[in-house]
Amino acid sequence: MDKLKFISSERYYEGIIIELTDGSVVIDLKGRMGQLRLPRRMLICQNEPKEGQQVGLLMTYPEVIDEEVNQKYLKSAKDQLKKRMNSENII
Amino acid sequence: MIKLAITEEQAMEHKDSYAITCCRFEEGTVIEPSHIEDPNLIPDLEESGLIEIPEDCLKIGEVLGAILKKTVDALTPLTPDLVEGYTKLEDVSQEEIKEEEILVDKVKKPEKVRKEASSIKIQIGEGKDINIEIPFPITTSSADSPTPMVEEIKEEKDLPEENKLKKLKRKYFKIDKVEFGSETKIDGTTLIIREDVCKEAIGSQELVVDMKIDIITPDRYNEFSNTIMDVQPIATKEEGELGEGITRVLDGVVMLVTGTDEAGVQIGEFGSSEGILEENIMWGRPGSPEKGEILIKTDVTIKKGKNMERPGPMAAHKATDFITQEIREALKKAEESLVVREEEFVHKRRPNKKKVVIVKEIMGQGAMHDNYLMPQEPVGVLGAKANVDLGNVPIVVSPLHVLDGCVHALTCIGPASKETSRHYFREPLVLEAMLDEEIDLAAVVFVGSPQANSEKFYVSKLLGLTVEAMDADGAIVTTEGFGNNHVDFASHIEEIGKRGIPVVGMTFAAVQGQLVVGNKHMDAMVELNKSEEGIENEILENNCLCEEDSVRALYMLKAKMAGEEILSPERKYNKDVILNNIRLIEKATNRQIQMVDNETSLNINQNKE
């Protein structure tokens, strides 16, 4: 955490749950700000969540903390992304 | 900046905290709690430079009812020159803040008085097994009795020192070679697995389209593997039901469940934690393989798009268990002469000691956030029910059930902090608490963590009632991973704590998993983090509960049960607090506690493709 230069710069965001599975949730951030794909465990909700419900969260900007490239992670994550896109399930 | 005044109740609770005004107040104002800033915010205000607390700053307890001599702005520390008629409190020393305070081995005041037919027995809570017996008549006439009271140190008569409840014996069968053959059997120290067992395992599950078994010997630890979904011991019952009798265990070999869907997407996986085994496993943790063990790795392929639906991960586990079950059957038939060592676990009840309950919160949000409970065979699937299907309600088992594999964990995300099936089979807290002669370990309660808060509070309430009905003197609540499970984790602690039962919490929090909620009963917490950065670093079992954490939790609980004050935590994760506490326990108990390595001991090369 000490690597961050812009610490505690969180802002309020809202989003919509656009996909739910038994283990995961996809949130579309309002304002065409992208998507979050998270395990269900990371979502706090009063009742069983539903697609279309709105969520709010504080989020800050990701900062590059290391100029080094993690080739290994990059390769496997890209690979997974491609496979996910090929599968019928966006999650 | 949010400014919060406090209530009277808070004022009493924080009477020793610094008195800072929350708004602007005029000269002549009589100071009330509503004029004081919430003491919990003071450190943040101090850190951000908004306030600076002078040495002579008065405490909340000192200024209440006093009169302001001057008009003050918001966030003004109240000092003697600003306040008239304050009452000086006894000097409250500002103690050094620590995660926890360690029990000092001393005899506390008698806490429990039990009236028996002919005598009154006073039990002294901690440490030295001293019981005082006073002849009954004295208690009615002690005031004018010429006979001085005699304190007799003797063994308790009516309550037995120890009750042996149940025993569990493990017989280990050494395996140093695993190969394929025409029949699954154990031949000396070789495990032979039937070549075509996979075909039947695939056929047993509709969602499984393919499956391979790979036998990973130590020289192949540097190979690629899909995400590890679980590490499981291979064990079977020889005699008795789960949790008692005799269990046969294969030594030197474990099952590793891995898998993807047809498109190659990792089952139940976020991020990217597939990779080189050697670099992705924190070896030697209770829930991990040991270095040198042979890993029987199943690589299950399930139908496309089913990786995140509940039946997907379940099918992968069931297909793997089809194979494990065949090995179990062979292990049942193995010759007795092949037993290399035995281990016996005895669940003793100690009626003279404080009754302690271990509560283990397990994931129950769905899909891979689930566990099969109480199977027929250790860590099996047959006969078990998923805690999600059981409504995540508290399930009470004996410590021996835990050590006999009553949990088959659908381990997935948060690999560094998620407890595998093997973790429960070697649960360090259960082992440590069972052996601890200063406490009476009554039971282990598993409680699932549902998705919705309404359900979380529902199961939490039931947990409170369960622990209350047990008449427990103390409880330790553990959880795995982090996320919304911390909501119910906090609620469990509250439900137990508000019933007057001392409670200690154990979780991974550190930097990334910081608790999202808290309450006043969460004053004794044990940090499970081992990672250098305090984060979920995707290394299997890295941040899971180990022996060193169990010792800290038990000593913290004993201190709390003895009525000792637990010091407030530091504001940020600091691993020195943990080290310091370990040293204090070592000093007090004369016991050397081995601290485990973290990921820095692994040789990780980021650039190797």
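The chains referred to below are lettered A, B, ... by the order of the sequence lines, with proteins before strands, and numbering in each begins at 1.
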Open item on the list: Tell me every residue that passes salt bridge (charged side-chain N to carboxylate O under 4.0 Å, His left out) with B:Lys297, counting only those two or more places apart in sequence or in another chain.
Closed with: none
Is [X] in contact with chain A via its backbone, its side chain, both, or neither, using a 4.5 Å heavy-atom distance?
X        : value
B:Phe224 : neither
B:Asp370 : neither
B:Glu533 : side chain

Do [Y] and [X] meet the salt-bridge criterion of a basic N to acidic O distance under 4.0 Å?
X        : Y        : value
B:Lys306 : B:Glu206 : no
B:Lys456 : B:Asp488 : yes
A:Asp79  : A:Lys75  : no
B:Glu532 : B:Lys575 : yes
A:Lys72  : B:Glu279 : yes

Open item on the list: Out of the candidates B:Met363, B:His317, B:His369, only one should pair with B:Leu410 under the side-chain contact (heavy atoms from CB on, under 4.5 Å) rule; please name it.
Closed with: B:His317
Open item on the list: What residues of residues 508-518 of chain B make heavy-atom contacts with chain A at a cutoff under 4.5 angstrom?
Closed with: B:Val511, B:Val516
Task: Which portion of A:Lys78 sits near chain B, non-hydrogen atoms under 4.5 angstrom - done: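 Neither; nothing under 4.5 Å.
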Task: Region of A:Leu74 that comes under 4.5 Å of a non-hydrogen atom in chain B - done: neither
Task: Smallest separation among heavy atoms of A:Asp22 and A:Arg40, with atom names - done: O-CD, 3.1 Å
Task: Beyond-backbone contact of A:Asn86 with B:Lys304, side-chain heavy atoms, under 4.5 angstrom - done: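 No, every pair of side-chain atoms sits at 4.5 Å or beyond.
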- [ ] Quick one: list whatever passes side chain to side chain donor-acceptor pair (under 3.5 Å) with B:Glu480, sequence neighbours left out.
- [x]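 Counting only residues at least two positions away or on another chain, B:Glu480 forms a side chain to side chain donor-acceptor pair (under 3.5 Å) with B:Lys418.
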TODO: Taking atom types as modelled, find out whether B:Asp299 and B:Asn226 have a side-chain donor-acceptor pair closer than 3.5 angstrom.
DONE: yes
Task: Ring centre gap for B:His492 and B:Phe489 strictly below 6.0 Å - done: no
- [ ] Taking heavy atoms only and a threshold strictly under 4.5 Å, list by residue number the residues of residues 49-61 of chain A that touch chain B; give 'none' if the list is empty.
- [x] A:Pro49
